[in-house]
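What you see is a predicted model, and the numbers here were worked out from it, not measured in a lab.
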Amino acid sequence: MKRVFAFIGFTVAITLIVLNIIPFSFVKYITIAAVALFIVSLLVKSLRKEKVIPVVLVSVIFACSVFSVHYISSYNPVVNLDGEKADISFEIIDLPTKKTDGGYSYTVKVKSVDIPSSPQTFKMKLNTNFPLKADAYQTVHANVYFKQIADNGFDSFGYFGDGIYLSAALYSYEVTPIVRQNIGYHILEIRKTIIDILKDNLPSGVYPLAVSVMTGDKSYLDSDIISDFKICGISHIIAVSGLHISIICMSVYSLLKLFGVSKFKNTFITLIVLFVYSGIADYSKSVLRAGIMITVLLLAKLIDKKSDTLNSLGLSVFIICFNPYAVTDISALLTVTAVIGIVVVKKEIDKHFSPENNVIRYIYDVMSISFSVLLTTFPVMWLYFGSVSIVGVFLNIIIIPLLQAALISIVFLCLFFKIPFLAFIPKAVSYFTLNLIIVISDFCADTFSLFVFDISSSVFGVAAAGVLLLIAVSIFVGKDINLKITAPFIAIVLVISSLFAGYEREYSTYLYISSSGAVFAYSKDVFVAIDVDDKNDKYAYDSLVENKNFDYIDLIDCDYLESNDAFGDLCENISVNRVNGILILTICDNIFEIDEDYVTINNNIYVRDLYGKYSIDTDTVIRFAQEV
């Protein structure tokens, strides 16, 4: 049986995705069913010969066991603190994040709680209205009020994947002189030093992007830049992932090899760099996945064996799945599906195309990788974002080399910043490449925003599932992807999906709440925009209005557009009002109350994220079918 870890890793991951969606009470029934089927697979000779069936069933049982143990022993005891007020001691284990409301958010490790029956050690988010006068890993005593972050991993915006199930509001605190200078402390100091170096040596318009590219910390970035990257389909450059890890590690390995360092020492040093850089990038799920794959690759080089990328990916996914909530992290899902695109889909495309010219080969590689990644990440984009940009398929030809140059120059700048004549060149290269990325993305976002397509329709989700099912069947049954069948099938599905989505839009009314809080209500004929206050909102407005012939457009409190204040009944399906600062929309007899903290839909309150604020990366689209 080939690629055993691929079967195990992906089966465990898919099972955990299902378990994170369904109520916990159903987990035992899935476990019992999997155990029964496994026994049957051992008793029936024909099934036993098909080794993949028992392996898959054991993987399902393992996933159920890991999820159940984690839920009972770790998750449930911690969330039982929801609504409790307590005295605790804790350590800050990450750099603070400044929130949009001016407050601060800290990731802390709780060391003790004055409630005897409660867990005494766990991670959580601490929200304050002021910066804490405490260093990392310094013991702090505080009085807090606990609040559960979300009911499930998918609604936690990745926090469950980080082992964070609670947030807390701070009432009072006292700092002690006790500081633990462990490995985490020193790695955090390195990250803080890197941020300070970049801030001191690069212009204010560039250093936030440098920090994001190097550490994955997007909190310094302007919302306009984040919006530009999203529209251009190049958001992957501001989230440290396999691309960044590969650039750093392979550069170190190649440089040491050039200087004649032995293979064993080279591998050892590169692995140390990998460990430290993963810490600088906060050991995110994407970084861990990439780190495991590169470790396998380096060890395979050491013993002169060729590693199987898909099998290595399966192994890394399996290891990550020891945390059963890791599969709910958006960045991890995007990274894994992207690698599947590169390893599986691009490999099949390469069998039919093989340019010999180096320049053409490079352009072909970037575009085929971008297309393959777009195809396999489509379900995640549909589920979480509701839109997809195809600009990145072409833009990555320019952006990826610029990112490579920027990242390597940033590393050299951080190493030699105290030696002016050595720091001059990396500083100049960092500024030039990063500034060029910003300029290019700004231009392309303004010029090509039309190529951001709305895929929020449920039809596209069903279509994506059908395409992926065909590819999966092709791989596991035929051991190969037949492009002569797959390509026409994808084209037919895309055309049919677009027609159905067009029909759905024709007879639907939508409420769209942008990531920064703008509200858009629209049907086939009527469009209402409310609170369009920044560039990100304007892009949302442009993408919704472009190439659509609305009979009536009303702009309310839109600073970025020509605004008017015409409240009242706009048409049969939509009415707008504002009472005591709360926006009230009536859409197809559904009543919405919207302010900066929450959305109330027919008296049910929905909070947008951990802090009760609109998330930077998440939009909300709600559709109502009209009577035809």
Approximate separation, where rounding is to 0.5 Å, of F67 CZ and Y75 OH:
8.5 Å
List for me each residue that meets salt bridge (charged side-chain N to carboxylate O under 4.0 Å, His left out) alongside E189, sequence neighbours excluded, and say none if there are none.
K192
Applying side chain to side chain donor-acceptor pair (under 3.5 Å) to S59 and not counting sequence neighbours gives none
Distance-minimising heavy-atom pair for P131 and Y173:
O-OH, 4.3 Å
Salt bridge (charged side-chain N to carboxylate O under 4.0 Å, His left out): pairs with one or both residues in residues 169-180, sequence neighbours excluded:
E91-R180
Flag the pair F130 / L170 as yes when at least one side-chain heavy-atom distance between them is below 4.5 Å, and no otherwise.
yes
d(L209 CG, L221 CG) to nearest 0.5 Å is 6.0 Å
Shortest non-hydrogen contact from C414 to I194?
SG-CG2, 3.9 Å
Do Y145 and D82 pass the side-chain contact (heavy atoms from CB on, under 4.5 Å) test, and can you show the C-alpha distance, the side-chain angles, and the key distance before you say yes or no?
CA-CA 8 Å; Y145 176 80; D82 180 33; 5.8 Å; no
Taking side chain as C-beta onward, heavy atoms only, is P119 less than 4.5 Å from V113?
no
Can you confirm whether more than 12 heavy atoms, excluding those of Y171, are under 6.0 Å from its OH atom?
yes
Within the 4.5 Å heavy-atom criterion, are N182 and Y137 side-chain neighbours or not?
yes
The reported gap from CD1 in I294 to OG in S246 (rounded to nearest 0.5 angstrom) is 4.0 Å
Is a side-chain donor or acceptor of Y207 paired with a backbone partner of Y220 at a separation under 3.5 angstrom?
no
Heavy-atom side-chain contact between I8 and F62 under 4.5 Å
no
Given the rule in the side-chain contact (heavy atoms from CB on, under 4.5 Å) test, do I280 and I190 qualify, once you have shown the distances and angles that lead to the verdict?
CA-CA 7 Å; I280 292 170; I190 293 173; 3.7 Å; yes
Carefully, step by step, assess I164 and I149 under the rule side-chain contact (heavy atoms from CB on, under 4.5 Å).
CA-CA 8 Å; I164 299 173; I149 287 176; 3.5 Å; yes
D135 and Q138: which non-hydrogen atoms are nearest, and at how many Å?
N-OE1, 2.9 Å
Do the non-hydrogen side-chain atoms of M124 and F90 ever get within less than 4.5 Å of each other?
no
Does R191 pair with D94 as a salt bridge, N-O distance under 4.0 Å?
yes
Start with the C-alpha gap between V140 and L132, add the side-chain angles, then the distance that decides, and say whether side-chain contact (heavy atoms from CB on, under 4.5 Å) holds.
CA-CA 10 Å; V140 180; L132 297 181; 5.7 Å; no
Are the side chains of Y277 and I248 in touch, meaning some heavy atoms are under 4.5 Å apart?
yes
To the closest 0.5 Å, what do you measure between CG (N127) and OG (S167)?
5.5 Å
Is the backbone of I238 close enough, under 3.5 Å, to the side chain of S212 for a donor and an acceptor to pair up by distance?
yes
Are the ring centres of Y159 and Y165 closer than 6.0 Å?
no
Looking only at side chains, do K109 and T121 share a donor and an acceptor under 3.5 Å apart?
no
Excluding sequence neighbours, so at least two apart, what forms side chain to side chain donor-acceptor pair (under 3.5 Å) with H236?
N396
When you measure from the side chain of S118 to the backbone N and O of I115, does any donor-acceptor pair fall under 3.5 Å?
yes
For T337 and T376, which I'm curious about, is there any donor-acceptor pair between the side chains at under 3.5 Å?
no
Without swapping roles, check the side chain of N76 against the backbone of I72 for a donor-acceptor pair under 3.5 Å.
no
Minimum side-chain heavy-atom gap V108-K123 below 4.5 Å
no
What I want to check is whether the side chains of K125 and T107 have a donor and an acceptor closer together than 3.5 Å.
yes
By side chain to side chain donor-acceptor pair (under 3.5 Å) - contacts of S73 (at least two apart)
none
Return the minimal non-hydrogen interatomic distance between D114 and P116, and the atom names on each side.
O-CD, 3.5 Å
Atom pair CZ (F229) and CD1 (I237), whose distance is rounded to the nearest 0.5 Å:
4.0 Å
How far does CD1 of I410 sit from OG1 of T215, to the nearest 0.5 angstrom?
9.5 Å
List the atom of L271, the atom of T295, and the distance in Å for their closest heavy-atom pair.
CD2-OG1, 3.8 Å
Side chain to side chain, V179 and Y185, heavy atoms closer than 4.5 Å:
yes
Are Y71 and Y325 close enough that their ring centers fall under 6.0 Å?
no
Could you tell me which residues satisfy side chain to side chain donor-acceptor pair (under 3.5 Å) with N143, sequence neighbours excluded, listed by chain and number?
D87
Of the non-hydrogen atoms in C64 and L19, which two are nearest, and what is the gap between them?
CA-CD1, 3.8 Å
